Amino acid sequence: MKIYNTLSKKIENFVPKDKNNVKMYTCGPTVYDYAHIGNLRTYIFEDVFEKTLIYLGYKVNRVMNITDVGHLTSDADTGEDKMEKGAIRENKSVLEIAEKYTESFFEDLKKLNIKKPNIVSKASDNIDQYIKIIEKLIVDDYAYISNGNIYFDISKASNYYQLSNQKDLMVGARDDVEEDKNKRNPFDFVLWFTSSKFDNHSLKWDSPWGEGYPGWHIECSGICLKHFGEYVDVHCGAVDNVFPHHSNEIAQSEAYLGHQWCNYWVHGEFLTDKSGKMSKSKGEFLTLNLLISKGFNPLAYRYFCLGSHYRKQLEFTYESLETAQKAYLKLLQKVKNLSEVGNVDREAFDLYKDKFKSALRDDLNTSNALTVLYEVLNEKKLSDKTKKSLILDFDQVLSLNLNQNNDLEINSEIKELIELRETYKNNKQYDKADKIRETLLLKNIVIKDTKDGPIIENKE
Ligand code: AMP
Ligand code: ZN
């Protein structure tokens with residue numbers, strides 16, 4: 001497989017250290033609020049990447065963190081702690097906030113058919129691991145104590161700017177950096193806080209340097225090193241993770257290990273909206289549940305994301321999602337209409353499977369992979385049975401529920417839509433209720449209102 005490596009700025013052959021076994025680390029969410037659909041685009045890309053590797057015959061072990069402490073509103077060490085901010089906003093404890101949004105995050109993943117990573121680890125569960133790493137970094141003179149906090153000294157890291165390639169940019173950006181007088185260099189980063197403006201931070205642990213809590217960057221290094229040992233094959237996130245988060249992860253992990261740590265760094269581009277980057281800090285943002293409440297199928301959003309390359313920005317509009325949903329539902333219908341009679345033409349099967357693999361092997365070109373799927377669907381020479389076998393085979397990566405039997409099976413999502421429509425009707429929000437009726441109609445489901453409540457029938 002070929003994949004773009006942010007470290008080398010090249011598309012490279014992907015070769016794991018241990019033959020067919022891939023160690024994959026993906027940065028997880030900061031659970032202070034719902035995930036927005038931009039975050040979810042990144043998790044869809046990572047899911048497709050993992051499933052592609054599995055489809056190509058690799059065994060993948062994937063680890064992801066849940067950040068429940070230490071991530072400040074700027075990705076550097078300035079601003080407020082996001083978790084504390086969420087807790088104050090909702091008048092709850094940090095742990096309650098973390099639990100609530102971790103749960104909603106995994107519900108979103110489920111709705112999008114995103115496989116849960118093999119290991120999911122909470123940042124707050126690994127404090128000993130961070131302390132162990134930080135102690136060694138201090139002994140080896142990569143880290144220093146200043147006014148109670150522990151900082152990583154970036155001047156000691158070789159190739160600190162290799163991943164981000166942005167030394168000049170950084171110098172230009174210095175004015176924006178809130179000055180922390182404890183740092184030797186403005187871009188040194190915090191490994192452990194004991195004294196800072198967050199003296200009343202609610203989560204604190206004992207450490208050799210006093211009671212405190214970890215910085216955000218050490219969490220991912222710590223969790224990754226704990227589960228994978230000295231090497232990890234691939235580390236993923238979105239482009240905003242390149243600097244400072246992943247640059248800092250490389251610096252501290254390699255300083256700790258004394259050798260190169262991760263060979264492939266793979267980053268997805270942003271989902272944007274008309275105003276630019278979609279972000280939680282902007283206040284109002286788009287969640288998957290909001291899309292569902294507007295009558296969209298979560299897998300139509302997955303289909304929408306698969307239609308564009310992960311390294312290209314994707315602009316979200318309701319119109320384009322609507323178009324994607326129509327195409328997706330039409331695809332479901334076409335697959336459903338394929339008959340089961342006849343034999344699978346093995347030769348044709350292998351040929352198209354190879355084509356599909358080639359698209360994915362080519363830096364995860366999901367839109368070309370979808371094109372192969374439509375080629376299969378439209379090829380007159382192929383039997384229905386061959387088409388269906390191929391499409392269901394492709395769905396191991398695409399995960400679009402192409403095998404769903406959309407006869408009158410009321411799955412939980414449809415049930416939710418029907419219930420939501422009832423709520424809208426009761427609130428006299430008839431336009432919204434009608435929108436849901438239209439969505440269900442596209443799935444061949446007709447709702448009839450009776451005095452005993454809604455009944456559903458198949459169209460035709
Ligand atoms: P967070 O919960 O803020 O730590 O972000 C979770 C993941 O979503 C990280 O990998 C981010 O890089 C990624 N991310 C944040 N904003 C966007 C966006 N607009 N589009 C795609 N990915 C994003
Ligand atoms: Zn991370």
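Start at 1 and go down the list; that is how both ligands and their atoms are numbered. None of the values given here were measured: they were computed from a predicted structure.
- Residue contact check: H36 has heavy atoms under 4.0 Å from atoms 16 (N), 17 (C), 18 (C), 19 (N) of ligand 1.
- An N or O contact shorter than 3.5 Å is missing between G237 and ligand 1 by distance.
- Each of the atoms 6 (C), 7 (C) of ligand 1 lies under 4.0 Å from some heavy atom of Y43.
- Using cut-offs of 30° and 60° for the angle between ring planes, the Y144 and Y151 rings count as parallel.
- Annotation: T42 places an N or O atom under 3.5 Å from an N or O atom of ligand 1; distance criterion only.
- Rounding to the nearest 0.5 angstrom, the gap separating the CD1 atom in I218 from the OG atom in S253 is 7.0 Å.
- The pair K294-E322 fails the salt-bridge criterion, with no side-chain N (NZ, NE, NH1 or NH2) lying under 4.0 Å from an Asp/Glu carboxylate O.
- Under a 4.0 Å criterion applied to the non-hydrogen atoms of P29, ligand 1 contributes the atoms 2 (O).
- The NE2 atom of H245, the Zn ion (ligand 2) and the SG atom of C27 define an angle of 120° (nearest 10 degrees).
- Checked by distance only, ligand 1 and N39 come closer than 3.5 Å through their nitrogen or oxygen atoms.
- In this structure, CG in D81 is found 10.5 Å from OH in Y32, a value given to the nearest 0.5 Å.
- Heavy atoms only, all atoms of each residue included: P29 and Y43 are closest at N-OH, 3.1 Å.
- In summary, no N, O or S atom of H217 is located under 2.8 Å from the Zn ion (ligand 2).
- Taking only non-hydrogen atoms, the option from N241, T26, L271 nearest to atom 10 (O) of ligand 1 is N241.
- Between Y264 and V15 the shortest heavy-atom distance is OH-N, 3.0 Å.
- Of the N or O atoms in W216, none lie within a sub-3.5 Å distance of an N or O in ligand 1.
- Across all their heavy atoms, L417 and I292 have their closest contact at CD2-O, 3.6 Å.
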